[in-house]
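Here's the structure we're looking at; comments come further down.
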2 protein chains.
Amino acid sequence: MLREFFLGFIKIHILHHAAKGPVYGLWLIEELGRHGYKLSPGTLYPVLHRLQEEKLLKTYQENVGGKIRKYYRTTSKGTRALSSIREKILELVGEITES
Amino acid sequence: MLREFFLGFIKIHILHHAAKGPVYGLWLIEELGRHGYKLSPGTLYPVLHRLQEEKLLKTYQENVGGKIRKYYRTTSKGTRALSSIREKILELVGEITES
DNA sequence: TAATCTATATCACGTTCCGATATCGGAAAA
DNA sequence: TTTTCCGATATCGGAACGTGATATAGATTA
């Protein structure tokens, strides 16, 4: 319940984290979990793939301790998208916290 | 594009407005349009019905100038949901606007 | 009685969500 | 070397959601 309100937040978090540094699937699941957003791999991976298709994220693989990881980072388009999303959020916050 | 990030915001706006006073479909479409969120009736009405099913909104009909309007207001559950969403947004904003 | 206006409702189809399950690739154990 | 295990990514199938287009309905105007 209330999931439909928060799914967008989750995606924004993903963009945000991927703008700060490389992230990968399992780490995101744990990190978002720490913020109270539970999401399953069946939700996350398709989201990552879509964001990549939309050229908001780019990816590269790395072998870490023998396991292959796919790291994601924002593209410049993704960074720009994030800024415009940030603006919209501030606007929203301004509106829904005014008397 | 970027729609998937904003859809949640739209729903929050709806809750917010319905918490401040009675709202109805067409008015919401116009109001949200003013904020740069375009949405068609095919999106809005199902959302209103769902929120009503989830008992976040309640509705009543009124005859206004001969036309029947369905006004929506938040229930107390809806008001509580809105508060918790507000908290989450502030948390999100805090996180994505910090260095 | 037809056309118009405001407003809500629904249809059909594609997309997304999501738990469950499968798969992968390398390391270590056997 | 092959089997087992583990971190990690991928996919499946059904349900839910999103959306433009279209329908419906009542009142007013022509």
Side-chain angles (χ1 to χ4, degrees), chain A residues 1-15 17-18 21-34 36-73 81, chain B residues 1-15 17-18 21-34 36-73 81:
Chain A
M1 231 274 290
L2 258 41
R3 179 52 158 229
E4 63 182 319
F5 296 99
F6 294 140
L7 252 172
F9 295 2
I10 290 177
K11 292 175 188 169
I12 294 169
H13 260 113
I14 292 173
L15 269 191
H17 281 125
V23 295
Y24 66 97
L26 266 199
W27 182 84
L28 281 170
I29 288 178
E30 287 160 16
E31 172 66 14
L32 293 170
R34 265 172 247 136
Y37 301 115
K38 276 171 208 145
L39 81 167
S40 78
T43 303
L44 178 65
Y45 289 109
V47 166
L48 289 176
H49 298 163
R50 271 203 306 283
L51 294 180
Q52 191 184 349
E53 251 172 47
E54 292 165 10
K55 307 257 191 274
L56 300 178
L57 293 181
K58 63 192 171 193
T59 187
Y60 61 93
Q61 305 197 357
E62 207 167 284
N63 186 313
V64 179
K67 314 292 175 330
I68 284 168
R69 259 186 216 167
K70 286 183 75 174
Y71 282 107
Y72 291 88
R73 301 236 40 187
Chain B
M1 230 277 288
L2 257 41
R3 179 54 155 222
E4 64 182 318
F5 296 100
F6 294 138
L7 255 171
F9 295 180
I10 290 177
K11 293 175 188 168
I12 294 168
H13 260 113
I14 292 173
L15 270 190
H17 281 124
V23 296
Y24 65 96
L26 264 201
W27 181 85
L28 280 170
I29 288 177
E30 286 159 16
E31 172 66 12
L32 292 170
R34 266 173 246 135
Y37 302 114
K38 275 170 208 147
L39 80 167
S40 77
T43 301
L44 178 65
Y45 288 109
V47 166
L48 289 175
H49 299 162
R50 270 202 307 283
L51 295 180
Q52 191 185 348
E53 252 172 48
E54 293 165 10
K55 308 257 192 272
L56 301 177
L57 293 182
K58 63 191 172 195
T59 186
Y60 61 93
Q61 303 197 358
E62 208 166 284
N63 187 314
V64 180
K67 316 288 178 330
I68 286 170
R69 257 188 218 167
K70 286 182 76 173
Y71 282 106
Y72 291 88
R73 300 236 41 188

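Within every chain, numbering begins at 1; the chains are lettered A, B, ... in the order of the sequence lines, protein sequences first and strands thereafter.
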I want to check something: taking the side chain as every heavy atom from C-beta on, are A:V47 and A:L7 in contact at a cut-off of under 4.5 Å? no
Could you list all the salt bridge (Lys or Arg N to Asp or Glu O under 4.0 Å) pairs where at least one residue sits in residues 52-70 of chain A, not counting sequence neighbours? none
Considering only residues two or more places apart or on different chains, which pairs with a residue in residues 23-34 of chain A satisfy salt bridge (Lys or Arg N to Asp or Glu O under 4.0 Å)? A:E31-A:R34
pair B:I14-B:L32: side-chain heavy atoms closer than 4.5 Å: yes
Reading DNA chain D from 5' to 3', where do the contacts with chain B start and stop? Cut-off is 4.0 Å to heavy atoms. D:dC17 to D:dA27
How many angstroms lie between CG in A:L39 and NE2 in A:H13, if you round to the nearest 0.5 Å? 11.5 Å
Atom pairs under 3.5 Å, N or O on each side, protein against nucleotides 15-17 of chain C: can you list them with distances?
unit_1	atom_1	unit_2	atom_2	d
C:dC17	OP1	A:K11	NZ	2.9
C:dC17	OP2	A:R50	NH2	2.3

So OH of A:Y45 and CD1 of A:I29: to nearest 0.5 Å the spacing works out to 5.5 Å
Between the protein and nucleotides 26-29 of chain C, are there any N/O to N/O pairs under 3.5 Å, and if so, what are the atom names and distances?
unit_1	atom_1	unit_2	atom_2	d
C:dG26	O4'	A:G66	O	2.8

Would you list the pairs meeting ring pair (Phe, Tyr, Trp, His ring centres under 6.0 Å) in which at least one residue belongs to residues 46-73 of chain A, sequence neighbours left out? A:Y24-A:Y71, A:Y60-A:Y71
Without decimals, in angstroms, what is the distance between B:Y24 OH and C:dA9 C1'? 17 Å
Close side-chain approach of A:L48 and A:T59, heavy atoms under 4.5 Å: no
Please report, rounded to the nearest Å, how far the P atom of C:dT6 is from the CZ atom of B:R69. 11 Å
Test of understanding: with ring pair (Phe, Tyr, Trp, His ring centres under 6.0 Å), list the residues that count as partners of A:F5, not counting sequence neighbours. none
Answer yes or no: does a side-chain N or O of B:Y45 lie under 4.0 Å from OP1 or OP2 of C:dA9? no
Any salt bridge (Lys or Arg N to Asp or Glu O under 4.0 Å) involving residues 38-51 of chain A? Give me the pairs, sequence neighbours left out, ordered by first then second residue. A:R50-B:E4
